[in-house]
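Reading through the C-alpha cells given below for one structure.
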Amino acid sequence: MEMQKTYNPKDFEDRIYAGWENAGCFRAEIDRDKVPFTIMMPPPNITGQLHMGHAMDAAMQDTLIRFKRMQGYVALWMPGYDHASIATEVKIVEKLAQEGLTKQDLGRKGFLKRAWEWTEKYGGRITLQQRKLGASCDWSRQAFTMDEKCSRAVREAFVNLYRKGLIYRGDRIINWCPCCKTALSDAEVEYAEEAGHFWHIRYPFSDGKGEVIVATTRPETMLGDTAVAVNPADERYKALVGKTLRLPLTDREIPVVADDYVDMEFGTGCVKITPAHDPNDFEVGRRHDLEVIRVMNDDGSMNERAGRYAGQDRYEARKNIVADLEAQGYLVKVESHVHNVGHCYRCHSTVEPIVSKQWFVKMEPLAKPAIAAAMKNKVRFIPERFTKVYYNWMENVRDWCISRQLWWGHRIPVWYCGDCGATVCEKEDPSVCPVCGGTHLKQDEDVLDTWFSSALWPFSTLGFPEETEDYKYFYPTDVLVTGYDIIFFWVARMIFSGLEHTGKVPFRDVLIHGLVRDEQGRKMSKSLGNGVDPLEVVEKYGADSLRLSLLTGVGPGNDTRYSDTKVESCRNFINKLWNASRFVFMNAEGKKIPDIGDVHFSPADKWIISCLQNCIREVTTNLNKYELGVASDLATDFVWGDFCDWYIELSKPALYGEDEEKRAGTLSVLCFVLENALKLLHPFIPFVTEEIYHHMPGKSEKDCLMTSAFPRYNSKAAYKKEAKSFEGVMEIIKAVRAMKKAADCPPSRKVEVYLVTDSKRLVQLNKDSIMKLSGASAVKFAESGAAIGEKTVSQATEIAQIYIPLGELVDIEKEKARLSAEIERISGEIERAKGKLANRDFVAKAPKKLVDGEREKLEKYLGMKEKLEEQLAGL
RNA sequence: GGUCUCGUAGCUCAGUUGGUUAGAGCGCAUGCUUCACAUGCAUGAGGUCCAGGGUUCGAGCCCCUGCGAGACCACCA
C-alpha cells in the first residue's frame, strides 16, 4: 500500500490496534526466564467518561509499559474498572428520580439488579476509549472491583483485619451526608470556605443568678447541648465550674465543665458542648461523661429530641431557633463569620458531623509499617516531595470509617445472631450461628467504602488470597502511575493494605503526575464547561498526537495545560516523520540495500549514527527515570532536527549521485537510522510508528514493531571524534546560509565559496554536501582572503575562514559593521575565558576537564578573532 | 495555622548531584513553489533566569529574607 502524501491517522489507527490485539501482543505470558514488569492501571469508575486526566494517565502508563516490553520484560499492564459505590449509587438514584422512583421503591434486590445492568451498560465504555488511545493493556486479565475474584479478596481482607482486632464497630462522630444518607470517611469530605454567621447566645444559670454567653455557627445543634465548657485556667469563669445552666428553648439543665480544649482567647471563652454533633465536643463529652443527644435525623431534618422543631429541615430549624432566641431575649448578637464547611465529595451537600454506629479500621497499627516502608525506601515517590505529603497523612490519620449506608458495594461480612446476640464475621456466608447454632442470622445492612476494595487492587486482581501463578510472578508490581489528587484515597491505602495482607509493599515506585488544565490554566470541570473530550481530539488529530502532546514538556508531579496548538505541533512532527519515511522508502524502492555492517561510512553517516547513539542512551536513561517529557523531547528533536533537517538533506547528493556504492550505503544508513528512530518513538506514538514500520523495505504487516527490541546504546558506534569534526562542516554550511541572507542574496543565486582552512581533507570529503545545503555552485580553497581578488563577504568559523564573492551585493560599510560587531562579541568571550583562567582558585579548584575546556575555548576564540581582524583589515 | 510547589523569551514551559555562549514549541520578522513534507525549509529578532542578601573558584540551580501566584492538610466553638 502506498503511503499518502499527508499523515492521516484515521487510515490506520483502528486497524493497527486490531492487528496488535489479534496477534496477542498485549497478553503478558508468564516466562520464568524473563523478568516481569507490572503496572496496575488505576481503575476508572464505571460511571465515568474518559477525560483528559485519563488520557494522560493512559499515555504515561502505555509509554512506560511499551518501553519495558520492548526491553524484553514480561510487561503486564493490568486494566480494570471500579464499581465506585457511592458515585454510581448517586447516579442511579438520580436516574430513578427521573422515573419518579426511589431506591426504596425498588428494594435492595431490585436496586442491585439495576446497578449490575448499569455496570454492563457503561462498564466497558472507558475501556473502549482506552483502546482508541492505544492502551496496550492485557485485556484478557481485565478485572472489576465487584467481580468474584476481587470480592473474595475483600472478604479475606475484612475477616483478617476483624480477627486481628483491627476492624471494630462503635459509636463515633462521623461525617454524614444527609443527601446520600451515608457515612463518609474523612478523605471523602471536601472543605470550602463559606460566609456564615456567628450567633452569640445567652445561657442563664438555673439559679437565676447571671448567665454565660456562648457563640456558635450552628445554632440548631444547641438542642443537643449537654454542657458548656470553659478553660480550667480561665480566671473569669473559674467560679462557675460545676454550676448548672438552663438551656434556652428546652427544659433541660446542663452543667458548666472545665476542659483544656477551650481556647480562652477565642470568642467568649465559653463553648457549648454538643457531643452528638461535633468531633471535639464528642471528646469533651467522653472526658466528662456527658450525655450524647442526637437531634438530627439521617436526612438532615430535626428529630423528636428537637422538641417543637422536630421534622424541620436543619436550615429551617436554624432560622426558627434564631428567631425564637431573639424573641425570648437570648440572642445577644450576630456576627458575620467565614468558616470552613465540609461537603460530600460526590453530591456536594453540606455534611453533618453526627454520632453514629459505624465500622472502623484502626489505623495506627497499619500506618506505622506503611511509614517505615517509605522510610526504608521500599516504596519511592516520584517526585520525591510527595513522600512528605504521604508521611504527613499517615502520621495524623484517624481511624477509617469503612461502613456506608448504601446498597451498591461489598456488603459487610458480618452477621448478627437473633438467638444469642453473637456477632459473626466469616469468609463464607454462615447459615447457622457458630456460637449457638441458631438460624436467625441477619447480615449487616451496610456496604464497604469503595476505597476498601480499591486498596486491594494490586493483589486482588492477581488472585489474592490464592497463591496463583499470576500473583507469584507479577506481585509486587513495579510502578503505580497516578495523580496527586488520590494519594490519600488510594495510594496510601494500597500501601498499608499491601503490607498488611501480603507482607509486601504493592509497588516499588509511585509516579505522581499533575492535572491536565485548560488553556488558561483552569481546572477542567463540568460546571465550567471547559473540558475537552479526548476522543474528539483523537478524531481530529489522531491518538498519537494527543498522547505526545500530553507528555512533552511535562515533568513528574507538575500540572500541564491542554491546548489545540500543542496537539497540532505534535501532529506536525508526526507528519514530518511520516514524510521522512516516505522519502526513504521512495528512494529504496526496488533497490538492494546492503547490510549496515557492510557499509563504508561517510563523515555524515558517522555523524548521524553518533547522534542516534546519543539519543538512544539519553532516551533510555530518561525513561528509566520517569522523565517522559524529557525523553520524548530528545527523541523528537533527534528525528526532526538531526535526521530530517540535516541527514536527509545530506543524503541527497549521495542518493542522486553517480557513485553506486555511496548511494547504496547512504540508503542503508537511512533505513538503519529510521528503523531505530521508529523504535525510540514507538512508546510515545505507537500507531504511526507501527504503521510506518510495515512499509520499511523488507518488512510487511507481519512484522511487529511493538514487540521488537528497543535500541541499545552501542559505544563502538558513538563516533565521538568524527561527529565533532563533522560539526565543523555543518558550521560552514550554516555560516554560508547566514552570509547570503545577510547580504540579501536570493537563495536561488548560487555562489562560489572560498575557504581558507587547515581541514582541507574534511571539506573535500563533504564538498557535495556543502554545495547542496548552502546553495553554492563551487567550494574552492584559497590561501588568503586577499588572494580571491573580488568583493567578498567573509565569516570565520572554528575550522575555516569563509569568503563569498558577491560583487554588487557587497556593501562594504555593512560588512565592516558586521565584522566589527562579531569581533566585539568574540572579544567578550575572550575576556570571559581569560578572566576565568586568571582566577587562580578556578584553575586550582575546578575540575581539570573544565579548565582545559576553558583553555581550548580561549584558543579557539583568539584564532577566530585573528581571522576576523584579518578580514576586516582586508576590506 | 502547617506543609509544599511555582515565578526563566510576547505566550506555554524544559533546564536531571552547581560548571561551555541559558534551551524548545507556539507566536513574531525576513526570504523561499530546493524533485519527502507549506502540517514545510532557511535566516533572524527577542532573556537584569521575581527582588535582595549569603555560601562557592563558579549560582537559573544550594541557603536565608521579602514580594507575587497556586496546591494540599488541619482548623476555634
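Here is the naming used below: chain letters follow the sequence lines, and residue numbers restart at 1 for every chain. Hydrogens, waters and symmetry mates play no part in the numbers below; they use all other heavy atoms, side chains included.
- As rounded to whole Å, 10 Å separates atom P of C41(B) from atom CG of Asn575(A).
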Practice item. Using the side chain to side chain donor-acceptor pair (under 3.5 Å) rule, take Lys272(A) and Thr221(A) through it: C-alpha gap first, then chi angles, then the decisive distance, then the call. Key: CA-CA 9 Å; Lys272(A) 63 189 270 307; Thr221(A) 63; 2.8 Å; yes
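- Atom CD of Glu193(A) sits in a crowded spot, with more than 12 heavy atoms from other residues, nucleotides or ligands closer than 6.0 Å.
- Taking OG1 of Thr387(A) as the reference point, atom CE of Met394(A) lies at 12.0 Å (rounded to 0.5 Å).
- Shown here is Glu194(A), whose CD atom has more than 12 heavy atoms of other residues, nucleotides or ligands within 6.0 Å.
- Side-chain contact annotation: Tyr345(A) with Glu190(A), donor-acceptor N/O pair under 3.5 Å absent.
- A distance of about 14 Å separates the C1' atoms of C4(B) and A74(B), rounded to the whole Å.
- The interatomic distance linking Asn839(A) (CG) with G19(B) (C1') rounds to 13 Å, in whole Å.
- Residue-environment remark: NZ (Lys591(A)) exceeds the threshold of 12 foreign heavy atoms within 6.0 Å.
- Rounded to a whole Å, the CZ atom of Arg571(A) is 8 Å from the P atom of G40(B).
- Remark: the Asn231(A) side chain and the Asp259(A) side chain contain no N/O donor-acceptor pair separated by less than 3.5 Å.
- Rounded to an integer number of Å, the gap from Asp186(A) CG to A74(B) C1' is 11 Å.
- Across the P atoms, U8(B) and C49(B) are found 11 Å apart, a figure rounded to whole Å.
- Note: CG (Leu577(A)) to C1' (G40(B)) measures 15 Å, nearest angstrom.
- Of all nucleotides present, none satisfies the Watson-Crick or G-U wobble test against G60(B) with each distance under 3.5 Å.
- In this structure, Tyr484(A) and Phe386(A) have parallel ring planes: the angle between them is below the 30° cut-off, well short of the 60° mark.
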Name the pairs: protein N/O against N/O of nucleotides 9-16 of chain B, kept only if under 3.5 Å.
residue : atom : partner   : partner atom : Å
U12(B)  : O3'  : Arg561(A) : NE           : 3.2
C13(B)  : OP1  : Arg561(A) : NE           : 3.2
C13(B)  : OP2  : Arg561(A) : NH2          : 3.4
C13(B)  : O2'  : Gly553(A) : O            : 3.2
A14(B)  : OP1  : Asn558(A) : ND2          : 2.9
U16(B)  : O2   : Lys625(A) : NZ           : 2.5

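- Taken to the nearest 0.5 Å, the OH atom of Tyr626(A) stands 12.0 Å off from the CD1 atom of Ile512(A).
- Between G47(B) and G10(B), the distance separating the two C1' atoms is 12 Å to the nearest Å.
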Just the table, please: protein N/O against nucleotides 30-36 of chain B N/O, every pair under 3.5 Å.
residue : atom : partner   : partner atom : Å
U30(B)  : O2   : Lys741(A) : NZ           : 2.5
G31(B)  : O4'  : Lys741(A) : NZ           : 3.3
A36(B)  : OP2  : Tyr656(A) : OH           : 3.1
A36(B)  : O2'  : Asn579(A) : OD1          : 2.7
A36(B)  : O2'  : Arg582(A) : NH1          : 2.8
A36(B)  : N7   : Lys652(A) : NZ           : 3.4
A36(B)  : N6   : Cys644(A) : O            : 3.4
A36(B)  : N6   : Glu649(A) : OE2          : 3.0
A36(B)  : N3   : Asn579(A) : O            : 3.2
A36(B)  : N3   : Ala580(A) : N            : 3.3

Compile the donor-acceptor pairs under 3.5 Å between side chains in residues 845-853 of chain A and protein atoms, sequence neighbours left out, one pair per line.
residue   : atom : partner   : partner atom : Å
Lys848(A) : NZ   : Asp852(A) : OD2          : 2.9

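- Not a single donor-acceptor pair, N or O on each side, falls under 3.5 Å between the base of U43(B) and the side chain of Arg737(A).
- Side-chain nitrogen and oxygen atoms of His337(A) include at least one within less than 4.0 Å of the OP1 or OP2 phosphate oxygen of A77(B).
- For C73(B) and C11(B), the P atoms lie 31 Å apart once the distance is rounded to whole Å.
- Going from the C1' atom of U20(B) to that of G60(B) covers 16 Å, rounded to whole Å.
- The phosphate of G40(B) has OP1 or OP2 within less than 4.0 Å of a side-chain N or O from Asn572(A).
- Across all strands, Phe488(A) comes closer than 4.0 Å only to sugar-phosphate atoms, never to a base (heavy-atom distances).
- For Gln795(A) and U43(B), the CD to C1' distance is 13 Å, given to the nearest whole Å.
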